[in-house]
Amino acid sequence: MKNSKITRKITQGMYILTTKNGGCVVDAVSQISAGEHPLISVAVMKKNYTCQLLKENQTFALSVLGKDNSAEAIQTFGMNSMRDIDKFEHVKTKEVEGLRIIEESIGYMVCEIIDRIENDTHILFIGKLVEGDILKEADPMSYSYYQENKKDLVRVKTETGKTVWVCTVCGYIYDKEELEEDFVCPKCGVDYTLFERQKI
């Protein structure tokens, strides 16, 4: 393939997917049918802890992120695992249909899982929309906007002028002195060769 970055030109938004006991940032979301209860699909990386949780649950929620959303939600849900921290303690949420949604989001969709399609890296979860609402009028955050602004959106608090390893694909920050050759990005799965040293 000449340039795999062409996939970044696919028009898509940024969302926080939540299910019982967990959640993560996702971008591969599509409406695949219409009607009173349209079908919504979301692809989740198999290595992601949230993917494991989705296999054990029957529902998920998608909070639609806007350009005016604080970076804290993306940092919390995109740069951490529920294995290590309780993400819901760091971001304001409210409960809808038994699931947590992000309070500052543009709106939300709650879906009942009706099918799963598995490939080598991701599982595509297909859900029937059972509840949804618009919480405020604002411009949604697109994937391209995220790519253009990810250095600020995923910036973590470290010592001033500290140098860290940054994933050139998804922006994940590895705050260690050395990057081992067997290291794999916990967010997007690429190997150590796609990390760069940057001062933040």
Side-chain angles (χ1 to χ4, degrees), residues 7-69 73-74 76-83 86-147 170 186-189:
T7 58
R8 296 182 182 179
K9 302 302 181 183
I10 297 173
T11 303
Q12 53 197 38
M14 297 294 292
Y15 310 83
I16 291 180
L17 179 151
T18 50
T19 190
K20 186 178 179 181
N21 298 323
C24 65
V25 173
V26 293
D27 55 67
V29 173
S30 296
Q31 178 179 341
I32 57 176
S33 79
E36 186 178 354
H37 296 285
L39 298 182
I40 308 295
S41 69
V42 56
V44 184
M45 185 177 291
K46 291 164 74 172
K47 294 179 182 178
N48 196 311
Y49 181 57
T50 302
C51 189
Q52 177 183 322
L53 294 174
L54 284 168
K55 291 179 183 179
E56 302 167 358
N57 292 294
Q58 295 302 312
T59 57
F60 64 83
L62 292 163
S63 296
V64 184
L65 296 178
K67 290 181 180 178
D68 62 346
N69 271 108
I74 293 177
T76 299
F77 282 87
M79 303 291 117
N80 299 281
S81 171
M82 285 290 282
R83 294 187 183 97
D86 183 350
K87 298 180 183 181
F88 298 120
E89 288 185 352
H90 299 271
V91 178
K92 289 184 178 180
T93 62
K94 69 177 189 176
E95 190 171 307
V96 177
E97 297 289 325
L99 297 176
R100 308 288 284 278
I101 64 161
I102 309 304
E103 277 194 4
E104 66 169 347
S105 64
I106 291 176
Y108 64 87
M109 294 167 272
V110 177
C111 299
E112 175 187 340
I113 298 172
I114 63 167
D115 202 1
R116 298 170 175 83
I117 300 172
E118 187 169 349
N119 63 32
D120 56 339
T121 60
H122 289 68
I123 296 179
L124 185 70
F125 293 89
I126 299 174
K128 178 177 69 175
L129 184 65
V130 295
E131 182 64 58
D133 200 6
I134 297 172
L135 302 178
K136 65 180 180 182
E137 293 297 335
D139 291 331
M141 182 185 297
S142 67
Y143 181 69
S144 60
Y145 178 89
Y146 168 77
Q147 287 294 331
C170 71
K187 183 171 186 287
C188 69

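If you're wondering where the values come from, they're calculated on a predicted model, not measured in any experiment.
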If I compare all heavy atoms of [X] with all of [Y], which pair ends up nearest, and what's the gap?
{"X": "Gly22", "Y": "Leu53", "answer": "CA-CD1, 3.5 Å"}
{"X": "Ser142", "Y": "Ser144", "answer": "OG-OG, 3.0 Å"}
{"X": "Glu97", "Y": "Val110", "answer": "CB-CG1, 4.0 Å"}
{"X": "Val64", "Y": "Pro140", "answer": "CG1-CB, 4.5 Å"}

Self-check item: Qualifying side-chain hydrogen bond (donor to acceptor under 3.5 Å, both in side chains) pairs with a residue from residues 33-43, counting only residues at least two apart or across chains
Solution: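 Of all non-adjacent pairs touching residues 33-43, none passes side-chain hydrogen bond (donor to acceptor under 3.5 Å, both in side chains).
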
Measure the [atom1]-[atom2] distance between [X] and [Y] for me, rounded to the nearest 0.5 Å.
{"X": "Ile106", "Y": "Glu137", "atom1": "CD1", "atom2": "CD", "answer": "8.5 Å"}
{"X": "Ile102", "Y": "Lys87", "atom1": "CD1", "atom2": "NZ", "answer": "10.0 Å"}
{"X": "Ile114", "Y": "Ile40", "atom1": "CD1", "atom2": "CD1", "answer": "10.5 Å"}
{"X": "Leu99", "Y": "Cys111", "atom1": "CG", "atom2": "SG", "answer": "10.0 Å"}
{"X": "Glu112", "Y": "Leu39", "atom1": "CD", "atom2": "CG", "answer": "10.5 Å"}

Practice problem: Mind checking ring pair (Phe, Tyr, Trp, His ring centres under 6.0 Å) for Phe88 and listing every partner two or more places apart, or none if nothing turns up? | Solution: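 Applying ring pair (Phe, Tyr, Trp, His ring centres under 6.0 Å) to Phe88 gives Phe77.
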
Quiz item: Does any pair with a residue in residues 50-65 pass salt bridge (charged side-chain N to carboxylate O under 4.0 Å, His left out), and if so which ones, sequence neighbours excluded?
Solution: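 Found none.
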
Would you list the atom pairs, donor with acceptor, under 3.5 Å between side chains in residues 14-21 and any protein atom, with sequence neighbours excluded?
| from | atom 1 | to | atom 2 | distance (Å) |
| --- | --- | --- | --- | --- |
| Thr18 | OG1 | Arg100 | O | 2.5 |
| Thr19 | OG1 | Thr59 | O | 2.8 |

I'd like to check [X] versus [Y] (side-chain heavy atoms, cut-off strictly below 4.5 Å). Are they in contact?
{"X": "Leu135", "Y": "Lys94", "result": "yes"}
{"X": "Met109", "Y": "Gln31", "result": "no"}
{"X": "Tyr146", "Y": "Leu65", "result": "no"}

Quiz item: Of all residues at least two apart in sequence or in a different chain, which pass the side chain to side chain contact (heavy atoms under 4.5 Å, CB included) check with Lys92?
Solution: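 Once residues adjacent in sequence are excluded, the partners of Lys92 under the side chain to side chain contact (heavy atoms under 4.5 Å, CB included) criterion are Glu103.
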
Practice problem: Could you pull out all residues at least two apart from Asp68 that satisfy side chain to side chain donor-acceptor pair (under 3.5 Å)? | Solution: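 Asp68 satisfies side chain to side chain donor-acceptor pair (under 3.5 Å) with Lys136 once adjacent residues are dropped.
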
Quiz item: Can you name the side chain to side chain donor-acceptor pair (under 3.5 Å) partners of Ser63, sequence neighbours left out?
Solution: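 Side chain to side chain donor-acceptor pair (under 3.5 Å) list for Ser63, sorted by chain: empty.
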
Under 3.5 Å donor-acceptor pairs involving side-chain atoms of residues 118-127, not counting sequence neighbours:
| from | atom 1 | to | atom 2 | distance (Å) |
| --- | --- | --- | --- | --- |
| Glu118 | OE2 | Lys46 | NZ | 2.9 |
| Asn119 | OD1 | Thr121 | N | 2.9 |
| Asn119 | OD1 | His122 | N | 2.6 |

